[in-house]
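Here's the structure we're looking at; comments come further down.
Chain letters run A, B, ... following the sequence lines, proteins first and then strands; every chain starts at 1.
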Amino acid sequence: MLEIGVIRGERERVIEGLKKKRVSEDQILLVDKIVAKDDERKSNQTQLDALLSEMNNLSKEIGDLFKNGQASQANELKNRVADLKEVSKVLESQAKQISEELENMLITLPNLPHSSVPNGSKAEDNEIFKQWNGPLDDIDQEALPHWELAEKYQIFSLADGVKLTGAGFPVYKGKGAKLQRALISYFLDEATDAGFLEILPPHMVNESSARATGQLPDKEGQMYHVTKDDLYLIPTAEVPITNLYRDTIIQLSDFPVKMTGYTPCFRREAGSYGADVKGLNRVHQFDKVEIVVLEHPDKSYETLMQMVEHVTKLVEALGLPYRILRLCGGDMSFGSALTFDFEVYSKAQKRWLEVSSVSNFETFQSNRMMLRFKDENGKNRLAHTLNGSALALARIVATILENFQTKDGVIIPDVLRKYTGFDKLN
RNA sequence: GGAAGAAUGGCAGAGUGGUUGAAUGCACCGGUCUUGAAAACCGGCGAACGUGAGAGCGUUUCUGGGGUUCGAAUCCCUAUUCUUCCGCCA
């Protein structure tokens, strides 16, 4: 959620940023409506505060009068307070309504893009930030897509998942299951070696948590909702891990707060269909190791680049062709100020698959969740939150299978062998 | 799932209707002392919002929501969580 102070103080920059994010004309108009509503809120509170103050004073007087035995005067004042109370009730209900209206407007505005974000509205407008220079086409024409390899070597089964749960819930088996476990361990070890504290969080969160990181209300339809207990299955570990610091004030010396965690991720992916969803390309449950950082506003972009470096090291170590995109304004997620997407190239499918998204949310999440720090002057300020996948498994598995296939099996990347215990999947 | 009890500031812990944002201790910050540190002593120390150039002032806040009262941390209702006992259970 954008800070009201920014909207009030930097109207032009806000509007320019929203345009870059490609919001509708109606939403641009919201900027002025929000300021007007906030004015209303302020004047309402000023009135209410004065009234409550008067009531408090009168109540004290009444207490004194009773002590001094002046009951009749006390009763007179009681009547006056009763009248004031009527007025205060009206003002209070107005205050409640005004702040609800304000909140409802604020929550529909996306974060402002960083100045380095390219203009554009669609995937083609994304800027290629970095691309490896190895060959993309050095594989046999007979190369199989991963779903066929899966069948050949009994790595995973989507059909079994349908039987157990439904479409999009893969069941990994044998060396396929072991590979999953190896990747998770490898990614976690790399993250903890880089100074991230490992967290194993709950896989379900309550409404407050989902709201704080921005999944609610905008992405309600993307999460599985356990209605009986009103809990949500997490779409990413970002949600529980960042929420660890909801409603907290951290010390300057705590920066940067670096955390990592493995969790399965559950996504309904409502509305997606077609060739994209074949095999492991898009599933409802996948495993992911996430990195989350809470950082001082002055340092967050430096930290973002370090996170990009970290993820780069992972894809390079696995030997996968990759490229890094700096997302354009229109393709970025709602809450992000700057996002780098990592894509790996699948030689058998001949297409790029997104495997990581590393973003700086600046104060967008911390404003919602009141995640603050005490600055040099002892003032409480909103911290910056950042997160990224390091890395999402399903598509990495798909690409490893496809790119490293040979006539007699899939060669396991060196870095994984100490975790898998085998060097060929067949 | 059943029964009983509890929920107060970063933590511990007083407070059962009237200057209580809340004693006290710890932690934390500033100072005195010290070659330095510790100890001791002195002072400060929650948060949000409003208002003001600022000092400040006002309002709200004692788990959440609702109620009683002129006035609630304190009384009532309700939700949640925790503790103990019972039941079930990896």
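Across the P atoms, B:U59 and B:G21 are found 10 Å apart, a figure rounded to whole Å. Look at the C1' atom in both B:G56 and B:G17: the space between them is 31 Å, to the nearest Å. The gap from the C1' atom of B:U63 to that of B:U83 amounts to 16 Å, rounded to the nearest Å. B:C75 and B:U68 are spaced 8 Å apart, taking the C1' atom of each and rounding to whole Å.
Side-chain contact, A:E362 with A:N111: no donor N or O sits under 3.5 Å from an acceptor N or O.
Nearer the 5' end of RNA chain B, as judged by each residue's closest nucleotide, is the contact made by A:L52, out of A:L52 and A:K85. In terms of position on RNA chain B, the residue among A:L77 and A:K60 whose nearest nucleotide sits closer to the 5' end is A:K60.
The aromatic rings of A:F255 and A:F373 sit perpendicular to each other, their planes meeting at more than 60°, with 30° as the lower class boundary.
The phosphate of B:G50 has neither OP1 nor OP2 within less than 4.0 Å of any side-chain N or O from A:T46. Dashed line: the shortest gap from a side-chain N or O of A:N56 to OP1 or OP2 of B:U59 is under 4.0 Å.
A cation-pi arrangement is present between A:K175 and A:F422 under the rule of less than 6.0 angstrom and at most 45 degrees off the ring axis.
Under the Watson-Crick or G-U wobble criterion, with both distances below 3.5 Å, B:U83 is paired with B:A4. Under the Watson-Crick or G-U wobble criterion, with both distances below 3.5 Å, B:U68 has no partner in any strand shown.
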### Query
How would nucleotides 42-49 of chain B be written as a contact map, 5' to 3', with B for base contact, S for sugar-phosphate-only contact and - for no contact, using protein heavy atoms under 4.0 Å?
-----SSB
